[in-house]
J.: 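So that we are looking at the same thing, I have put the structure below in structure tokens.
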2 protein chains.
Amino acid sequence: MLKLRPPSKSASSAETSASTPTSTTKPKSQDKVITPRSQDFNAWYLDIIYHAELSDYGPVRGTMVIRPYGYAIWESIQDYLNVKFKETGHSNMYFPQFIPYSFIEKEASHVEGFSPELAVVTIGGGKELEEKLVVRPTSETIVNHMFTQWIQSHRDLPLMINQWANVTRWEMRTKPFVRTLEFLWQEGHTAHSTPEEAEKEALQMIDVYTKFAYEHAAIPVIAGRKSKVETFAGADRTYTIEAMMGDRKALQAGTSHNLGQNFSRAFGTQFTYENGQRQHVWQTSWAISTRFVGGIIMTHGDDAGLMLPPRVAPIQVVIVPIWKKEEEKLGVLDAGISTYEALKSAGIKVKFDDSEQQTPGWKFNFWEMKGVPVRIEIGPRDVLNKSVVISRRDIPGKQGKVFGVSMEPDVLVSYVKDKLDEVQASLLSMATSFRDSYALCHYASVTINLTSHSMFIVSNIVDVTSYEELKAAISDGKWARGPWSGSDEDELKVKEETGATIRCFPFEQPQGTKTCLMTGGPAEEVAIFAKSY
Amino acid sequence: MLKLRPPSKSASSAETSASTPTSTTKPKSQDKVITPRSQDFNAWYLDIIYHAELSDYGPVRGTMVIRPYGYAIWESIQDYLNVKFKETGHSNMYFPQFIPYSFIEKEASHVEGFSPELAVVTIGGGKELEEKLVVRPTSETIVNHMFTQWIQSHRDLPLMINQWANVTRWEMRTKPFVRTLEFLWQEGHTAHSTPEEAEKEALQMIDVYTKFAYEHAAIPVIAGRKSKVETFAGADRTYTIEAMMGDRKALQAGTSHNLGQNFSRAFGTQFTYENGQRQHVWQTSWAISTRFVGGIIMTHGDDAGLMLPPRVAPIQVVIVPIWKKEEEKLGVLDAGISTYEALKSAGIKVKFDDSEQQTPGWKFNFWEMKGVPVRIEIGPRDVLNKSVVISRRDIPGKQGKVFGVSMEPDVLVSYVKDKLDEVQASLLSMATSFRDSYALCHYASVTINLTSHSMFIVSNIVDVTSYEELKAAISDGKWARGPWSGSDEDELKVKEETGATIRCFPFEQPQGTKTCLMTGGPAEEVAIFAKSY
């Protein structure tokens with residue numbers, strides 16, 4: 001157990017109530033403790049959020065302050081996606097956050113989906129407003145109001161935009177990053193002249209998200225289509241990426257909606273064909289939010305703390321200088337600074353922790369807890385040998401430690417870059433292994449050696465053929481995958497009886513004829529069921 | 001007069017009322033007209049905003065949709081400032097936008113300044129809230145609430161952060177970019193252990209803004225200190241950069257506040273010295289908003305439209321292919337594509353306008369109106385000569401046109417980069433000349449040759465020594481600069497009688513003893529008076 005601060009009091013109650021910000025004002029000088037991940041996943045998550053300074057509770061129940069270390073992860077997500085959005089032809093812009101209440105009511109299923117969780121402005125400039133204003137929970141309505149003015153002819157299509165913005169949903173059960181009253185996201189909105197083009201766009205964007213999750217966040221998401229019950233309020237079809245967290249709950253990490261003509265009909269968003277005929281546009285919308293930061297935290301990590309994929313890590317390498325005698329200090333610090341400069345000028349995000357208030361051992365624990373992928377130690381002997389010691393965060397203890405890596409800048413930079421690539425690949429591989437092959441003897445620890453054949457390996461995704469098997473898998477805390485052609489009522493029954501929902505009909509489907517696990521009738525697809533955040 | 005669309009109806013009424021979004025839905029195919037800048041500056045501004053697609057009116061009065069071309073200018077501002085903020089030791093983060101009403105009331109002058117323009121959420125999740133929530137007009141109060149929890153010891157200081165966010169102020173008179181109900185900005189917030197350090201920080205940040213305005217936006221702002229009357233609600237001192245728009249009104253383009261201990265006392269934000277003594281922190285805050293985009297538009301430009309400094313221009317170079325005979329087309333388009341690729345791979349923001357629906361002449365006018373700094377024409381003769389024709393936006397007509405520039409990629413790229421640098425420098429120089437030396441015969445046109453000695457040149461900033469001279473200068477539409485040691489009441493009298501306010505006491509002060517223009521008593525500083533946005 002890593003000692004850092006007093007254990008979080010009533011961690012699980014903090015999940016549902018963010019109204020006690022004063023509970024986070026613990027003195028910094030005391031010993032600190034991170035609840036082991038293997039012991040209480042939720043307490044570990046909240047301890048990590050607090051001690052790694054990722055976020056804090058805002059003064060209003062359910063709101064969150066995103067602190068610099070957490071925000072830097074969000075910025076790396078923004079940087080990656082902004083490039084991809086522009087490559088795929090989208091422009092950034094910004095819509096107002098206040099939406100006339102009447103807009104929300106125009107699309108029937110949209111109002112049904114969102115009206116229970118709206119924040120409403122009723123007073124402006126000291127006066128009661130004539131029409132109440134909704135603080136945007138999402139922007140389809142105001143986007144369509146504007147699109148209607150910008151789109152006249154088929155030549156104005158496709159119209160493909162994105163905005164980075166805050167949104168508000170009055171959630172009752174909140175949890176930092178995962179579900180907060182206000183959160184940050186990007187929302188893409190597009191309008192097309194054919195339904196095929198809209199479908200292609202919705203699929204393209206879920207594909208961008210899937211690649212992002214794998215390549216950047218090292219999260220092996222499963223992409224697929226939502227069931228009718230779980231489809232976005234106002235969409236014809238919703239595509240999703242679903243991620244398995246360290247406690248084996250599912251996290252919906254990004255969605256892309258084919259909106260069909262639902263909003264264009266409600267708002268009269270029409271274009272004219274070359275022959276003069278008028279038609280409603282076909283639309284999509286798609287979003288990823290700060291919830292994804294929660295997904296990164298809960299996918300990677302171990303009892304010692306966070307484990308950040310190098311591509312999202314605000315600090316990729318930390319340098320810890322070590323000396324005992326005063327006459328060793330100068331040489332060690334000099335070597336530390338040179339190493340820092342070499343890595344920094346190579347574009348590596350590096351931190352030189354030369355503070356004298358803490359011991360090297362304390363620093364090792366601290367930066368491990370913060371999830372820094374690579375650590376460099378430099379002591380007096382290293383200075384003599386012109387070398388450094390390098391440790392990987394993903395391989396704990398001596399196994400991950402390499403002595404005698406040359407200090408020569410070119411050699412070192414190249415070595416560190418290789419290590420960062422290895423950690424990136426290793427985190428994806430460990431998360432994939434955890435999802436697909438799971439050793440019973442090491443519950444909730446992903447640091448096991450999965451090539452060891454002496455262990456009893458089962459998958460955390462269980463293929464099921466009957467409702468009984470589904471119930472057993474869910475009650476074991478796993479995901480269940482099985483053929484499904486049940487009704488909406490069947491789906492709701494599963495939810496009521498097991499707490500699991502259809503996460504998606506995955507794009508990757510097994511071959512062959514299938515029999516619905518619930519009805520016994522023929523099924524075209526398998527669905528994945530799981531409990532979720 | 002550039003024909004583009006029907007002239008804007010009731011342009012000046014649109015300044016004060018943004019409640020008629022449907023008036024902007026004019027058919028695209030008709031002829032369009034931009035009101036000449038020299039004829040009606042405000043109508044020109046609104047025409048440009050509309051036709052260059054910089055922004056549009058949101059459905060709620062006073063709100064604005066920032067369209068891709070306008071948003072890209074904002075992104076270039078963000079890119080520049082983000083680098084500078086990080087270089088000066090600040091980290092980005094994010095605070096919730098909902099602030100308990102009671103917070104706003106804690107700092108006396110703050111509540112007085114902001115309470116008339118608050119938007120208030122009274123309903124959340126379908127229920128009346130126990131405590132009303134303010135949608136942030138600025139974040140000092142919630143920042144201090146959090147700082148109080150994060151700051152314990154002198155070792156936690158300085159704490160230096162920034163956030164990019166939307167803010168809401170219930171303004172009555174609105175105008176796109178310049179003053180809107182909701183706008184985007186960055187707000188920096190810092191806490192320090194000494195008053196000197198806070199003052200140094202406040203000055204450092206106004207210096208960052210000043211350099212930004214000159215280097216990036218080509219706006220020759222005047223930096224200085226606000227008068228007590230004009231100081232931010234809750235600050236000890238406010239520093240400002242003031243810009244002269246094309247109609248000679250002043251625009252407050254960025255501010256930096258030394259907050260002293262006003263907020264730390266109101267919120268109990270304290271730290272402990274090494275000797276155990278407790279002390280309130282000293283603080284600063286500083287902001288630049290989307291209003292700056294309005295400043296760029298209103299500083300540069302002429303009767304033909306926008307004129308964007310290359311460093312903020314979403315499109316720096318437009319390529320227009322020209323052919324008459326079908327057999328010329330392929331060669332011209334090929335040359336256009338090669339030119340496009342050469343510039344693009346050199347990192348230049350380039351657009352190849354190969355659409356066949358418009359004539360080259362129409363395109364010239366259109367891209368001129370959009371303010372693109374450099375235009376490249378390629379016709380059949382250019383293809384034969386392996387050369388292109390290059391025009392600068394800032395030098396209209398044939399004077400700005402250079403024939404026979406080699407198409408050879410290295411030569412062309414280097415030539416274009418030089419031209420972009422020249423336009424950048426020229427826009428700053430023209431704006432500075434307009435402010436400091438002004439030819440009566442060319443009202444509101446900045447394209448004149450200011451080296452011509454035959455013109456009658458006077459400055460748009462007039463040095464005044466008496467209130468009579470001040471009134472004359474202001475009624476001429478100019479800025480007045482004169483010694484000032486008047487009282488708050490004297491200052492308000494000037495405002496009432498002339499409409500002008502003290503924009504700042506500029507950092508650059510003339511030498512020698514001074515006599516207050518109002519009281520006749522001794523004055524330590526000159527102040528600048530002007531009508532402002």
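Lettering follows sequence order; numbering is per chain, from 1.
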J.: Does any backbone or side-chain atom of Thr168(A) lie under 4.5 Å from a heavy atom of chain B? Answer side chain, backbone, both or neither.
T.: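 Contact with chain B: side chain only.
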J.: So among Ile66(B), Asp56(B), Val65(B), which one has a side chain to side chain contact (heavy atoms under 4.5 Å, CB included) with Phe95(A)?
T.: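 The single option meeting the side chain to side chain contact (heavy atoms under 4.5 Å, CB included) with Phe95(A) is Val65(B).
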J.: Got a second to check how far Trp164(A)'s CH2 is from Glu75(B)'s CD, nearest 0.5 Å?
T.: 10.5 Å
J.: Taking everything shown except Lys363(B) itself, do over 12 heavy atoms lie less than 6.0 Å from its NZ?
T.: yes
J.: Out of Glu131(A), Gln97(A), Gln357(A), return the one with the most heavy atom pairs under 4.5 angstrom to chain B.
T.: Gln97(A)
J.: Counting only non-hydrogen atoms closer than 4.5 Å, does Gln163(A) touch chain B with its backbone (N, CA, C, O), its side chain (CB onward), both, or neither?
T.: neither
J.: What residue in Ser115(A), Gly126(A), Pro100(A) has the most heavy-atom pairs under 4.5 Å with chain B?
T.: Pro100(A)
J.: Examine whether an atom of Glu171(A) lies under 4.5 Å from a heavy atom of chain B, and if so say whether it belongs to the side chain, the backbone or both; otherwise answer neither.
T.: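 Neither part; nothing is under 4.5 Å.
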J.: Is it the case that atom CD in Glu112(A) sees more than 12 heavy atoms from other parts of the structure closer than 6.0 Å?
T.: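 No, the 6.0 Å shell around CD holds no more than 12 heavy atoms from other groups.
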J.: Who among Ser55(B), Ala72(B), Pro96(B) has the most heavy-atom pairs with chain A under 4.5 Å?
T.: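 Heavy-atom pairs under 4.5 Å are most numerous for Pro96(B).
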J.: What's the spacing between Glu130(B) CD and Arg61(A) CZ if we round to 0.5 Å?
T.: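 Between atom CD of Glu130(B) and atom CZ of Arg61(A) there are 11.0 Å.
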J.: Show the numbers, then the answer: is there a salt bridge (charged side-chain N to carboxylate O under 4.0 Å, His left out) between Glu117(A) and Lys127(B)?
T.: CA-CA 10 Å; Glu117(A) 45 185 61; Lys127(B) 286 184 190 151; over 6 Å; no
J.: Kindly check if the number of other-residue, nucleotide or ligand heavy atoms within 6.0 Å of CD (Glu87(A)) is above 12?
T.: yes
J.: Measure Leu118(A) against the heavy atoms of chain B and call it side chain, backbone, both or neither at under 4.5 Å.
T.: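 The backbone, not the side chain.
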J.: Are there over 12 heavy-atom neighbours, none belonging to Lys344(B), within less than 6.0 Å of that residue's NZ?
T.: no
J.: Which atoms of Arg169(A) come close to chain B, meaning under 4.5 Å heavy atom to heavy atom: side chain ones, backbone ones, both, or neither?
T.: neither
J.: Would you indicate whether the side-chain heavy atoms of Pro59(A) and Ile142(B) approach each other to under 4.5 Å?
T.: yes
J.: Answer yes or no: does atom CD of Glu128(B) have more than 12 heavy-atom neighbours from other residues, nucleotides or ligands under 6.0 Å?
T.: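 Yes, the 6.0 Å shell around CD holds more than 12 heavy atoms from other groups.
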J.: Among Thr180(A), Leu184(A), Thr290(A), who wins on heavy-atom pairs under 4.5 Å with chain B?
T.: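 Answer, by heavy-atom pair count under 4.5 Å with chain B: Leu184(A).
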J.: Mind telling me whether Tyr71(A) and Tyr94(B) have parallel, tilted or perpendicular rings, with 30° and 60° as the class edges?
T.: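 Because their plane-to-plane angle is under 30°, the rings of Tyr94(B) and Tyr71(A) count as parallel.
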J.: Checking side chain to side chain contact (heavy atoms under 4.5 Å, CB included) for the pair Thr122(B)/Val120(A): CA distance, chi angles, key distance, verdict?
T.: CA-CA 6 Å; Thr122(B) 60; Val120(A) 184; 6.0 Å; no
J.: Taking the side chain as every heavy atom from C-beta outward, state whether Phe103(A) and Val60(B) have any atom pair closer than 4.5 Å.
T.: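 Side chain of Phe103(A) against side chain of Val60(B), heavy atoms only: no contact under 4.5 Å found.
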J.: Please determine, among Leu181(A), Leu133(A), Ile99(A), Ile161(A), the option with the most heavy-atom pairs under 4.5 Å with chain B.
T.: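 Ranked by heavy-atom pairs under 4.5 Å with chain B, first place is Leu133(A).
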J.: Any side-chain heavy atom of Met146(A) sitting closer than 4.5 Å to one from Arg67(B)?
T.: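 No, too far: nothing below the 4.5 Å cut-off.
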J.: Going from CG on Asn166(A) to CZ on Arg136(B), what distance comes out if it is rounded to the nearest 0.5 angstrom?
T.: 6.0 Å
J.: What option among Pro68(A), Ser91(A), Ala119(A) has the most heavy-atom pairs under 4.5 Å with chain B?
T.: Pro68(A)
